[in-house]
Asks: 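Sharing a structure with you now.
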Amino acid sequence: AQLRPQRLDSTSLKGSPAPAWRLHVGPSVGRPLVPSFGAMVGGTAMLQYTWTAAWMNVLSAGVDVRHGRHPSGNLRQNDHTLRLGVGHDARVWRNLRLHGGVEVGATLSRQWQPSNGEKTLALHPSLGATAGAWLPVRGPFAVSLLVNAGHTWVRAETGTASTVSLGAL
């Protein structure tokens, strides 16, 4: 007799969904780190892995890229944010899923003045929360809404200031 390896299939508990990957991609609108700027607009992507075995059943990684312009037009800013988080995901009604969690991350901000070419670059740590809804539409596609809010520590002339950040997909 010879043993032949078979492909292993992962199965979930009876009545519970199997582990899943979700990718959220879309436009992003956010509050700027510098209060004198208008809204920051750009794009975002978040990858989530969900499973059913524990209360903390979501791991997530998100990236935001946003651009803003000072009302005077002479100062511009790009923000690149990376967020990592854990949380809880639950089905609340039919196929509607809600989730919430905590995130840590950092924002790399680049400001420049087109008129004189002056540039600055700064890295700002952040801690926040995320909430979202996921409604399947057809096949692997769904409509999602993500909101994240938290504190970002920004270096100011008088020391370190904390600013509340808010973003939505």
Side-chain angles (χ1 to χ4, degrees), residues 16-17 19-72 75-93 96-113 118-136 142-169:
S16 65
W21 289 94
R22 294 186 194 143
L23 177 63
H24 306 264
V25 178
S28 175
V29 177
R31 185 172 172 215
L33 296 177
V34 179
S36 60
F37 273 74
M40 303 285 286
V41 295
T44 189
M46 178 182 272
L47 182 63
Q48 292 181 321
Y49 179 72
T50 62
W51 66 95
T52 59
W55 191 82
M56 287 296 207
N57 61 358
V58 176
L59 291 176
S60 62
V63 176
D64 295 333
V65 177
R66 295 183 186 147
H67 176 75
R69 185 182 291 214
H70 192 272
S72 71
L75 184 61
R76 297 179 184 168
Q77 179 172 323
N78 283 345
D79 287 345
H80 303 270
T81 304
L82 175 65
R83 299 182 322 272
L84 302 172
V86 296
H88 180 70
D89 178 82
R91 189 175 82 190
V92 294
W93 179 72
L96 176 66
R97 302 195 71 80
L98 298 179
H99 71 267
V102 295
E103 296 179 325
V104 295
T107 299
L108 182 65
S109 294
R110 178 178 173 257
Q111 289 183 345
W112 72 97
Q113 292 181 336
E118 237 182 88
K119 298 175 184 175
T120 61
L121 190 65
L123 185 64
H124 311 289
S126 62
L127 177 64
T130 185
W134 180 267
L135 182 62
V143 174
S144 63
L145 171 67
L146 296 174
V147 176
N148 56 11
H151 281 282
T152 302
W153 287 269
V154 178
R155 187 172 160 212
E157 292 176 5
T158 58
T160 303
S162 176
T163 182
V164 175
S165 60
L166 178 65
L169 161 69

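Quick note: residue numbers are just sequence positions, from 1. Any value given below was found using the heavy atoms of this structure, including those in side chains, with hydrogens, waters and symmetry copies removed.
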Asks: Rounded to the nearest 0.5 Å, how far does CZ of Arg110 lie from OG1 of Thr120?
Replies: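 The distance works out to 9.0 Å.
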Asks: Which atom pair, heavy atoms only, marks the closest approach of Met56 to Trp51?
Replies: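 Reported closest heavy-atom pair: O-CZ2, 3.1 Å.
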Asks: Got a second to check how far Gln77's CD is from His67's NE2, nearest 0.5 Å?
Replies: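 It is 9.5 Å, given to the nearest 0.5 Å.
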Asks: Is there a donor-acceptor pair closer than 3.5 Å between any side-chain N or O of His80 and the backbone N or O of Leu108?
Replies: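 Here the side-chain-to-backbone pair does not exist.
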Asks: Using 30° and 60° as the class limits, which term best fits the ring planes of Tyr49 and Trp21: parallel, tilted or perpendicular?
Replies: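 Ring orientation of Tyr49 relative to Trp21: tilted.
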Asks: Work out which heavy atom in Ala39 is nearest to a heavy atom in Val29; give both atom names and the distance.
Replies: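 What the structure gives for the nearest pair is CB-CG1, 4.5 Å.
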Asks: Between Thr44 and Val63, which heavy-atom pair has the shortest distance, and what is it?
Replies: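 Smallest heavy-atom distance, with atoms named: OG1-O, 3.1 Å.
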Asks: Report yes if the side chains of Val41 and Arg69 come closer than 4.5 Å at any heavy-atom pair, otherwise no.
Replies: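 A side-chain contact is absent here, since even the closest heavy-atom pair is not under 4.5 Å.
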Asks: How many angstroms lie between CG in Leu47 and CZ in Arg22, if you round to the nearest 0.5 Å?
Replies: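 One gets 11.0 Å once the value is rounded to the nearest 0.5 Å.
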Asks: Please name the pair of heavy atoms, one in Gly43 and one in Ser28, separated by the smallest distance, quoted to 0.1 Å.
Replies: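 For Gly43 and Ser28, the tightest heavy-atom pair comes out as C-CB, 3.8 Å.
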Asks: Do Asn57 and Thr50 have a side chain donor and acceptor closer than 3.5 Å?
Replies: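 No, no side-chain donor-acceptor contact under 3.5 Å.
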Asks: From Met40 CE over to Asp79 CG, what is the distance, rounded to the nearest 0.5 angstrom?
Replies: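 Those atoms lie 3.5 Å apart.
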Asks: Nearest 0.5 angstrom please: Asn78 CG to Leu121 CG, how far?
Replies: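 Between atom CG of Asn78 and atom CG of Leu121 there are 10.5 Å.
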Asks: Specify the closest pair of heavy atoms between Ser126 and Ala106, including all atoms of both residues, with the distance to one decimal.
Replies: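 That closest heavy-atom pairing would be OG-N, 3.8 Å.
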Asks: Between atom OG of Ser60 and atom CG of Leu84, what is the distance when rounded to the nearest 0.5 Å?
Replies: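 Nearest 0.5 Å value for the OG-CG distance: 7.5 Å.
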Asks: Side chains of Met46 and Gln48, heavy atoms from C-beta outward: is any pair under 4.5 Å?
Replies: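 Met46 vs Gln48: side chains touch.
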Asks: Can you tell which of Thr107, Leu82, Thr81 makes a side-chain contact (heavy atoms from CB on, under 4.5 Å) with Asp64?
Replies: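 For Asp64, the side-chain contact (heavy atoms from CB on, under 4.5 Å) check succeeds only for Thr81.
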